[in-house]
Amino acid sequence: MHDAHMTIAAVLTAAGSGSRLGLDLPKAVVPVAGEPLVAHAARSLLAARAADGSAIAQLVVTAPAAHLDAVAALLGDVVEASGADVRLDVVGGGRTRQESVAAGLAELADDVDVVLVHDAARPFAPPGLVARVVDAVRAGHAAVVPGLPVVDTVKRVGAGDATGRPVVETVPRADLVAVQTPQGFDRHVLERAHAVGSGRGAHEATAASDDAALVEAAGVAVWVVPGDERAAKVTTARDLLVAQALTTGATA
Ligand SMILES: Nc1ccn([C@@H]2O[C@H](COP(=O)(O)OP(=O)(O)OP(=O)(O)O)[C@@H](O)[C@H]2O)c(=O)n1
Ligand SMILES: C[C@](O)(CO)[C@H](O)COP(=O)(O)O
């Protein structure tokens, strides 16, 4: 894990439908500031430089089946504009995010040692955050996630009725973080975690909502580094309005 010549790849998940956003287009190809979310996310990944100056060498994008060619053309332009020598692969996604990441991992080049997994739905994760995650993996942590403190009071609730649910307890929040992407991994740790957890991936009810959960379930420690508010996820129509406002400088 301390080899200065490790090769970095990123799996950029963009194959979701965006059902909570509720538009006709898949979420990753919805434009903000004139460009689809997936293009913004890819540009940020490619702009990142680790402490030793290294950058992402392979970008694997998971895309909706009906948009494979369009996403490949779009991301080809982003890679070309970056001026970097980057291998680009675009693959069809799976039924869940977990399956999509697994499909992306299957495309990794042999010499890749460090894998980032990032959501196109987090289009404005700054390059500095990407670098922070890579540097922590290189420092010896096999699994690294960015996390932000939880600002609301958090309560566990029980089964209720049509009017609401009863509080079971107030959860102490000092030790809680809200986890973002990109998440960074030793390649073999992530591949093994996906292999162990593959039986969960077919259905949303059982699939892991992030890759670190699969690594935890495989018994490997996960390390948290400071997250960044700019890496917020676009999930709902309101999130999209906020992203549009922040990129144009307007108030939301
Ligand atoms: N089968 C899937 C589902 C999700 N994703 C990606 O995983 C990221 C996080 O998922 P989420 O925000 O839940 O996206 P959607 O599944 O598109 O949204 P929704 O749950 O509202 O349908 C997104 O970049 C999304 O494109 C994916 O690649 N393949
Ligand atoms: C991976 C993730 O973005 C980390 O916060 C999140 O788990 C995705 O969750 P979703 O249920 O797919 O929105």
Side-chain angles (χ1 to χ4, degrees), residues 10-32 36-42 44-45 59-68 70-71 74-75 89-107 115-125 129-130 133 143-150 176-185 190 193-194 197-198 200-217 222 224-240 242-243:
V11 175
L12 180 57
T13 64
S17 63
S19 57
R20 290 171 286 181
L21 189 57
L23 301 177
D24 290 339
L25 281 176
K27 183 164 63 183
V29 296
V30 169
V32 169
L37 299 188
V38 67
H40 289 289
S44 247
L45 287 169
L59 179 63
V60 184
V61 185
T62 73
H67 295 262
L68 284 176
V71 169
L74 178 69
L75 273 289
D89 297 272
V90 180
V91 297
R95 291 163 289 189
T96 63
R97 183 184 183 280
Q98 180 182 329
E99 279 195 345
S100 291
V101 175
L105 294 179
E107 301 298 319
V115 182
L116 297 171
V117 184
H118 186 44
D119 291 341
R122 297 184 184 272
F124 301 115
L129 176 65
V130 181
V133 171
V144 176
V145 300
L148 288 175
V150 174
L176 297 180
V177 289
V179 164
Q180 305 177 314
T181 71
Q183 301 186 350
F185 304 91
L190 184 60
H194 268 268
S198 63
R200 301 169 54 179
H203 306 286
E204 287 295 348
T206 54
S209 61
D210 76 347
D211 298 277
L214 293 172
V215 172
E216 293 158 42
V222 177
V224 180
V225 297
D228 192 301
E229 286 184 353
R230 291 168 288 181
K233 188 147 87 71
V234 174
T235 302
T236 64
R238 183 183 185 282
D239 298 333
L240 189 63
V242 171

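Atoms within a ligand are numbered from 1 in the order they appear, just like the ligands themselves.
Atoms CG and CZ, on D210 and R97 in that order, are 6.5 Å from each other to the nearest 0.5 Å.
Proximity of a side-chain donor or acceptor of T206 to a complementary backbone N or O of R200 within less than 3.5 Å is detected. K27 places no side-chain N or O within 3.5 Å of a backbone atom of G16 that could act as its donor or acceptor partner. The closest donor-acceptor contact from the side chain of Q183 to the backbone of A212 lies under 3.5 Å. Checked by atom type and distance alone, the side chain of T236 never pairs as donor or acceptor with a backbone atom of L21 at under 3.5 Å. Here the side chain of T62 pairs a donor or acceptor atom with the backbone of A14 at under 3.5 angstrom.
Considering backbone and side-chain atoms together, K233 places an N or O closer than 3.5 Å to an N or O of ligand 1. The shortest N or O to N or O distance between K233 and ligand 2 is under 3.5 Å. In terms of N/O distances under 3.5 Å, ligand 1 is not approached by A28. Between T62 and ligand 1, an N or O atom pair is found at a separation short of 3.5 Å.
At a threshold of 4.5 Å between non-hydrogen side-chain atoms, the residues D228 and P146 do not count as touching. Contact of the P36 side chain with the L74 side chain is registered, since non-hydrogen atoms from C-beta on lie closer than 4.5 Å. Side-chain contact between L190 and V117 is present, with at least one heavy-atom pair separated by less than 4.5 Å. Counting only heavy atoms from C-beta outward, the side chains of L240 and L23 approach each other to under 4.5 Å.
Considering only non-hydrogen protein atoms, atom 28 (O) of ligand 1 sits nearest to A15 N, 2.9 Å. The protein atom (non-hydrogen) at minimum distance from atom 29 (N) of ligand 1 is S100 OG, 2.6 Å. Among protein heavy atoms, atom 3 (O) of ligand 2 sits closest to D119 OD2, 2.6 Å. Given atom 15 (P) of ligand 1, the protein heavy atom at minimum distance is G18 N, 3.7 Å. Atom 5 (O) of ligand 2 has V179 O, 2.6 Å as its closest protein atom, hydrogens excluded (heavy atom only). In terms of protein heavy-atom proximity, atom 11 (O) of ligand 2 is closest to R20 NH2, 4.0 Å. In this structure, atom 7 (O) of ligand 1 lies nearest to the protein heavy atom T13 OG1, 3.2 Å. The closest protein non-hydrogen atom to atom 13 (O) of ligand 1 is R20 NH2, 2.8 Å.
Across all their heavy atoms, D119 and L12 have their closest contact at C-CD1, 3.9 Å. Taking both residues in full, the closest heavy atoms of K233 and R122 are given as N-NH1, 3.5 Å, listed atom of the first, atom of the second, then distance.
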TODO: Assess whether side-chain contact (heavy atoms from CB on, under 4.5 Å) is satisfied between L129 and Q180, documenting all intermediate values.
DONE: CA-CA 10 Å; L129 176 65; Q180 305 177 314; 4.2 Å; yes
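With a 4.0 Å cut-off on non-hydrogen atoms, K27 touches ligand 1 through its side chain and not its backbone. Using a 4.0 Å cut-off between heavy atoms, R95 contacts ligand 1 through its backbone alone, with no side-chain atom that close. Under 4.0 angstrom from ligand 1, there are no non-hydrogen atoms of V101. Contacts between S17 and ligand 1, counted as non-hydrogen atom pairs separated by less than 4.0 Å, involve both the backbone and the side chain.
Within the structure, ligand 1 has T96 among the residues with a heavy atom less than 4.0 angstrom away. Not a single heavy atom of T235 sits closer than 4.0 Å to an atom of ligand 2.
Near T181, the atoms of ligand 2 lying under 4.0 angstrom from a non-hydrogen atom of the residue are 1 (C), 3 (O). The atoms of ligand 2 that sit less than 4.0 Å from any heavy atom of R97 are 1 (C). Ligand 2 places these atoms under 4.0 Å from at least one heavy atom of D210: 1 (C), 7 (O).
By the ring pair (Phe, Tyr, Trp, His ring centres under 6.0 Å) test, H40 pairs with F124, sequence neighbours left out.
Across P26, G94, S209, G16, heavy-atom proximity to atom 1 (N) of ligand 1 is greatest for G94. One option in G227, A231, S209, A207 has a heavy atom closer to atom 9 (O) of ligand 2 than any other, and that option is S209.
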